[in-house]
Peer 1: 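Starting off with a structure, shown below.
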Amino acid sequence: MTTSIDYEKLAQQVLQSVVTTKAVSSSPSATYAHGPSGLFSSPGLSQPVFSAMVLPRLGLQELLPVRPSRDMNPLFGIMTGVTASSGSEPTGVCDDPPVAGLMKLCTHSFVYGRQSRMSKVFDLDRIGQVTNRGEFLDLQLQGSPWQGGNSNVPGAALAGAVNPLNSEVGKSMFEMAVGWARDFAKEVYTGNPTNNTAGGGRKYFYGLDTLINTGYRDAETGIACPAADSIVRSFGSLDVSTNGAAIVRAIAGVYRNLKYIAANAGLDPATWVLTMPTSLFYEITEIYPCAYQTYRCQNVFSSSQTQVIDSQALIAMRDAMRGDIFERKGQYLLIDGAKVPVVLDDAVAETVLAGESFTSSIYFVPLTALSGTPVTYWEYRNYDEPNGAMDAAKTFAPDGQYYTSDSGRFMWHKKPPTNFCVQLLAKTEPRLVLLTPHLSARITNIKYTPLAHERSGFTDSSFFADGGRSGAATGGPSYYTPTA
């Protein structure tokens, strides 16, 4: 006996289940921009509103290329070498020689993270209200904390945040965009799947602290692969201000070794960038020109000989390496005569020490090998791929409940409303891919003591600052009723 399946009825049942269990809360949680108790509802508020907000500026994340992938468990190979030949050298001319060794392979893989954020719950009846004629809707935000945008923030959120002072939608999108920009920024370095939640709702990809490391193992057998290891060196918490020769030698030594591996493994020409916090770069360039020009001279000249230093030339070298440090363009360090680009990245971790000193790391990140082949890049799940998430949503969800942005990189969900209460959420699944860990390096535990540390865009930093209020100064109007 055969049983026919009513697929339309099945889809409706699935949809009904989703709507029943995932509806918006019936209690609005939004703080509104305008209307009674609105953040910008103060009578007579002047038109210009100046920005004092600092967001993290994420140099490396902006620099890396991005591509879609549907492979959940990709397997990449590194040919690590050939074993030694075996056997004895021949005695006679007709004897067999030793047998050549075997090629060896190390495989490695990368996992997706899962990141998501949602808006507050809005009451549709509340949107669009103003308190009275004393409230203005022509406010203008002067300045922007985005500083060129952020490729890891949904474009739909940034586009919706264009007018955050005069629109409830704009304010909500601005708040969501800030959450994306700030909450996930450090994971390019610190991401670790061991922190995944048990149910899979929150996942982490491998960050550079894991990928640029020693102890590489074959993904399938667990066999050690030392040829794939990165170079990791500690600077021993020495302060760069009094150890200029040591930091120049450490940077040059690591870079020389990476260049050596690239050249002898046939991966040249390769390109790298150095990533580090702004304060560390500033302090290094304070002493780098003088140390670079003289750090080996003390081993050559005797105490009776005088070294002549052109201070003006050293200052010019320092200023050239710093480039436009406020726009973060043109930074580099001179290493063995080569100008190696430096990327200033607020997401690099800093450890705060006593006396306003810090320790942090310098990352040597390979960008390309073999004349332009990308070796470090982002991948993301493409929700627009054929037979993928959006195709399924067309069958199992009402029209318009799901949509994507940024070429399928972000999926948005309009939660089933509870009467007139609505809410929006989005998610993405990114991962960081580093194909040549043996061409990467880290110098850790570098100490530096800036005169004053710059403000931080991260709320968990002791150098973060905001202040003020998130709602109206006095609450909504409380006028008397018409009659006693």
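Please read these numbers as outputs of a predicted model, since none were measured by experiment.
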Peer 1: Cationic tip of R202 within the cone over Y204's six-membered ring, i.e. under 6.0 Å and within 45° of the normal?
Peer 2: yes
Peer 1: Checking side-chain polar atoms at under 3.5 Å, does E454 have a donor or acceptor matched by the opposite partner on S279?
Peer 2: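 Indeed, the side chains of E454 and S279 share at least one donor-acceptor pair under 3.5 Å.
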Peer 1: Among T428, N152, N382, which one satisfies side chain to side chain donor-acceptor pair (under 3.5 Å) with R409?
Peer 2: N152
Peer 1: Less than 6.0 Å separating the ring centroids of Y448 and Y282?
Peer 2: no
Peer 1: Enumerate the disulfide (SG to SG under 2.5 Å) contacts for residues 193-253, please, sequence neighbours excluded, ordered by first and then second residue.
Peer 2: C106-C225
Peer 1: Any side-chain donor-acceptor pair under 3.5 Å between S230 and N213?
Peer 2: no
Peer 1: Over 60° means perpendicular and under 30° means parallel, so tell me whether F410 and W180 are parallel, tilted or perpendicular.
Peer 2: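 Because their plane-to-plane angle is over 60°, the rings of F410 and W180 count as perpendicular.
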Peer 1: Might you point out which heavy atoms bring P164 and F174 nearest each other, and give the distance in Å?
Peer 2: CB-CB, 3.8 Å
Peer 1: Would you call the rings of Y363 and Y189 parallel, tilted or perpendicular, taking 30° and 60° as the class edges?
Peer 2: tilted
Peer 1: If the plane angle is over 60° it's perpendicular, under 30° parallel, otherwise tilted; pick one for F205 and W378.
Peer 2: perpendicular
Peer 1: Would K104 and D218 pass as an ion pair if we require N to O under 4.0 Å?
Peer 2: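 Here K104 does not pair with D218 in a salt bridge, since their nearest N and O are not under 4.0 Å apart.
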Peer 1: Are R322 and F281 in a cation-pi setup, meaning NZ or CZ lies under 6.0 angstrom from the ring centre and within 45 degrees of the ring axis?
Peer 2: no
